[in-house]
Amino acid sequence: MVDLATQYQKMQAEMDDAISKVVRSGEYINGKAVWDFSSNLAAYTGAEYVIPCANGTDALQIALMALGLQPGDEVIIPNFTYIAAAEAIALLRLTPVPVDVDPETFNIDVKKMTGSLSLKTKAIIPVHLFGQCSDMAPILKIAKENALHVVEDNAQSIGSIYTFPSGNRQQAGTIGDAGALSFFPTKNLGCYGDGGALLTNNENLAQKMRMIASHGQSKKYLHELIGCNSRLDTLQAAILNVKLPYLDTYIHSRQKVAQAYNEALEARPDLYEIPKCIAASTHVYHQYTLKVKQDKRDALQKYLKERKVSSMIYYPNPLHRQPAFRGVIRIGSDLSETEKLCKSALSLPIHPELNEEQIYYITGLLLNYE
Ligand SMILES: *Cc1c(COP(=O)(O)O)cnc(C)c1O
């Protein structure tokens with residue numbers, strides 16, 4: 001699905017130099033590279049404040065902790081997503097409220113969201129799935145009308161740009177009260193281990209999140225809040241500093257691959273539905289996800305595997321069917337579209353190193369599949 005070794009080889013000298021600088025410095029925690037990365041990421045995203053942390057799941061948890069929610073408060077999330085957001089919500093004794101997704105975009109269905117609100121609803125976590133922003137203008141409107149916090153799960157869509165009806169353009173992760181990023185190696189901007197960050201334009205929230213990520217300390221050994229220990233390693237920050245300048249090129253390559261897939265697979269509308277883009281958002285193609293028709297998804301995956309093409313099912317099980325969440329969630333809407341996607345969605349290899357020959361081989365197999 002990805003080719004991280006080739007990506008490294010292309011910048012080996014630069015990367016080795018950055019890594020060995022950290023190793024030689026001895027500043028393994030909160031070293032200079034961490035501070036540099038914070039300002040580099042602020043410049044790239046346009047966020048006023050960047051709080052680095054240990055991973056994307058922690059980022060979601062820290063944001064929720066900083067919002068001062070009370071046990072029993074409800075948080076709306078899409079039903080078709082990675083488990084991290086629901087987990088952070090439930091760990092804080094808040095109630096995840098899964099809402100169905102729009103089958104065209106895989107993102108939360110804003111119309112169904114409206115019907116999911118209750119007096120206990122305090123926040124929404126839109127997940128920008130697969131590389132495209134959730135429809136943030138109506139989400140912000142619902143949030144404002146109902147005094148809800150908005151935390152964006154932007155683990156998959158760094159660099160995606162949302163255009164408001166006013167023409168105002170903002171990067172994914174900088175639109176809500178806070179945005180959570182992950183630098184897991186396979187994300188569009190990945191380090192060589194775990195890493196994460198929070199983005200916000202709210203100074204108070206930034207201060208609180210920074211404290212929470214550092215044991216709730218306002219200064220050393222003065223703990224004003226109950227926090228956690230969540231740091232981005234200096235080594236990972238140094239790696240991210242090398243890779244961030246390439247992010248737009250990576251995104252462009254992914255878009256090119258997606259376009260090639262689209263152009264080829266349009267010839268088989270009987271079997272494939274190609275991913276749709278909304279006009280309001282750019283797509284950075286963290287995943288290229290097809291909907292396979294005629295109940296043939298699993299057989300197709302087997303056929304590809306036999307021909308040495310990897311593919312992934314994101315996600316095979318909807319949140320509301322996860323055993324750990326039984327009795328923990330409150331179902332927010334009818335969830336029929338999620339159920340269908342769990343049976344039809346198939347993600348193909350997409351990464352900046354995928355070459356034309358490989359794309360040709362993959363699309364050839366897909367076009368000839370009976
Ligand atoms: C990867 C991912 C996360 C979690 O990130 P980690 O850094 O692995 O903790 C959260 N949400 C979504 C949608 C993700 O894809």
message = When you compare the side chains of Q259 and E263, does any donor N or O come within less than 3.5 Å of an acceptor on the partner?
response = yes

task = Might you confirm whether atom NE2 of H223 has over 12 heavy atoms from other residues, nucleotides or ligands at distances under 6.0 Å?
result = yes

note = Quick note, ring pair (Phe, Tyr, Trp, His ring centres under 6.0 Å) partners involving residues 277-308, not counting sequence neighbours, are Y261-Y288, H283-Y285, Y303-Y369

request  = Could you tell me whether the side chains of D334 and S336 share a donor-acceptor contact shorter than 3.5 Å?
outcome  = yes

inquiry  = Surrounding OH of Y360 (heavy atoms of other residues, nucleotides or ligands, distance under 6.0 Å), is the total greater than 12?
reply    = no

inquiry  = Are more than 12 heavy atoms, taken from residues, nucleotides or ligands other than R169, located less than 6.0 Å from that residue's CZ atom?
reply    = no

ask   = Okay, side chain of R330, backbone of S116: is any donor-acceptor separation there less than 3.5 Å?
value = yes

request  = Could you list the residues that satisfy salt bridge (Lys or Arg N to Asp or Glu O under 4.0 Å) with E104, not counting sequence neighbours?
outcome  = K276

ask   = In Å, rounded to the nearest 0.5 Å, how long is the span from CD of Q217 to OG of S214?
value = 4.5 Å

key: Contacts of T81 that satisfy side chain to side chain contact (heavy atoms under 4.5 Å, CB included) - sequence neighbours left out   = P78, V127, L129

message = Closer than 3.5 angstrom, by distance alone: can the side chain of D102 be matched with the main-chain N or O of D109 as a donor-acceptor pair?
response = no

request  = Kindly check if the number of other-residue, nucleotide or ligand heavy atoms within 6.0 Å of CG (L222) is above 12?
outcome  = yes

key: ring pair (Phe, Tyr, Trp, His ring centres under 6.0 Å) pairs, two or more places apart, involving residues 93-137   = F106-F130

query = Between L205 and D177, is a side chain to side chain contact (heavy atoms under 4.5 Å, CB included) present by the stated rule, with each step listed?
reply = CA-CA 8 Å; L205 194 58; D177 296 291; 4.0 Å; yes

ask   = Taking the side chain from R297 and the backbone from C342, do they hold a donor-acceptor pair closer than 3.5 Å?
value = yes

inquiry  = Do V150 and L140 have side chains that approach each other closer than 4.5 Å (heavy atoms only, starting at C-beta)?
reply    = yes

query = V309 pairs by side chain to side chain contact (heavy atoms under 4.5 Å, CB included) with which of L366, L348, I362?
reply = I362

ask   = Thinking salt bridges, do K291 and E273 make one under a 4.0 Å N-O criterion?
value = yes

request  = Report, as yes or no, whether the 6.0 Å neighbourhood of atom NZ on K120 holds more than 12 heavy atoms from other residues, nucleotides or ligands.
outcome  = no

task = Take atom CD of Q12 as the centre, draw a 6.0 Å sphere, and report whether it contains more than 12 heavy atoms from other residues, nucleotides or ligands.
result = yes

request  = Please round to the nearest 0.5 Å and tell me the distance separating atom CG of N188 and atom CG of L181.
outcome  = 11.0 Å

Kindly list each side-chain donor-acceptor pair under 3.5 angstrom involving residues 14-21, sequence neighbours excluded, with atom names and distances?
from : atom 1 : to   : atom 2 : distance (Å)
E14  : OE1    : Y246 : OH     : 2.8
D16  : OD1    : Y8   : OH     : 2.5
D16  : OD2    : Y8   : OH     : 3.2
S20  : OG     : R24  : NH2    : 2.8

inquiry  = Set out, in order, the CA-CA distance, both residues' side-chain angles and the distance that settles side chain to side chain contact (heavy atoms under 4.5 Å, CB included) for I89 and I77, then state yes or no.
reply    = CA-CA 10 Å; I89 296 166; I77 45 168; 3.6 Å; yes

task = Any pair with a residue in residues 132-190 that passes ring pair (Phe, Tyr, Trp, His ring centres under 6.0 Å), sequence neighbours left out, goes on the list, sorted by first then second residue, please.
result = F37-F183, Y162-F164

Transitive ILVMFWY cluster of L119, excluding itself - 4.5 Å side-chain cut-off = none

ask   = Does a donor on one side chain sit under 3.5 Å from an acceptor on the other, for S160 and S281?
value = yes

key: With R321 via salt bridge (Lys or Arg N to Asp or Glu O under 4.0 Å) - residues at least two apart   = E339

task = Kindly indicate, with the supporting measurements, whether the criterion side-chain hydrogen bond (donor to acceptor under 3.5 Å, both in side chains) is fulfilled by S218 and E224.
result = CA-CA 6 Å; S218 55; E224 295 201 36; 2.7 Å; yes

remark   = In short, side chain to side chain donor-acceptor pair (under 3.5 Å) pairs touching residues 45-66 with sequence neighbours left out are D58-S230

key: Nearest non-hydrogen partners of A264 and L367, listed with the distance   = O-CD2, 3.3 Å

query = Side chain of K243, backbone of G190: donor and acceptor closer than 3.5 Å?
reply = yes

key: Closest non-hydrogen atom pair between K187 and S182, with its separation   = CE-OG, 3.3 Å

ask   = Taking 4.0 angstrom as the limit, do K32 and E27 come out as a salt bridge?
value = no

query = Which residues satisfy the ring pair (Phe, Tyr, Trp, His ring centres under 6.0 Å) test with F325, sequence neighbours excluded?
reply = none

ask   = Do K112 and D100 sit within salt-bridge range, that is, some charged N less than 4.0 Å from a carboxylate O?
value = yes

inquiry  = Using only atom types and a distance under 3.5 Å, with no angle test, would you say the side chain of D73 pairs donor to acceptor with the backbone of T121?
reply    = no

query = Short question: side chain of S134, backbone of P126 - any donor-acceptor pair under 3.5 Å?
reply = no

ask   = side chain to side chain contact (heavy atoms under 4.5 Å, CB included) between L244 and L247: does it pass, once the steps are laid out?
value = CA-CA 5 Å; L244 182 59; L247 178 58; 4.2 Å; yes

query = If you draw a 6.0 Å radius around CG in D295, do more than 12 non-hydrogen atoms from other residues or ligands fall strictly inside?
reply = no

ask   = CD1/I62 to CD1/I51 distance, rounded to the nearest 0.5 angstrom?
value = 9.0 Å

key: Point-to-point distance, once rounded to the nearest 0.5 Å, from CD1 of I212 to CD1 of I226   = 10.5 Å

inquiry  = With rounding to the nearest 0.5 angstrom, report the CG to CD1 distance, N154 to I125.
reply    = 12.5 Å

key: D270 bridged to K293 by N-O distance under 4.0 Å   = no

ask   = If you measure from CD on E266 to CD1 on I274, what distance do you get to the nearest 0.5 Å?
value = 4.0 Å

remark   = Sorted by chain and residue number, the salt bridge (Lys or Arg N to Asp or Glu O under 4.0 Å) partners of E306 (sequence neighbours excluded) come out as K302

query = Is there a path from I175 to I124 through hydrophobic residues (I, L, V, M, F, W, Y) whose side chains come within less than 4.5 Å of each other?
reply = yes

query = Where the side chain of H351 meets the backbone of R254, is there a donor-acceptor pair that is under 3.5 Å apart?
reply = no

ask   = With sequence neighbours left out, which residue pairs that include part of residues 137-146 fulfil the side chain to side chain donor-acceptor pair (under 3.5 Å) condition?
value = K141-E145

task = Find out whether I158 and V284 are in side-chain contact, i.e. whether some heavy atom of one side chain is under 4.5 Å from a heavy atom of the other.
result = no

task = Give a yes or no on whether the backbone of Q170 and the side-chain of T174 come within a donor-acceptor separation of less than 3.5 Å.
result = no

message = Quick one, M1 with Q287, criterion side chain to side chain contact (heavy atoms under 4.5 Å, CB included). Give me CA distance, side-chain angles, the key distance, then yes/no.
response = CA-CA 9 Å; M1 294 298 284; Q287 298 297 340; 4.0 Å; yes

message = Between N241 (side chain only) and A33 (backbone N and O only), is there a donor and an acceptor less than 3.5 Å apart?
response = yes

inquiry  = Looking at S157 and G131, would you say the former's side chain and the latter's main chain have a donor-acceptor pair under 3.5 Å?
reply    = yes

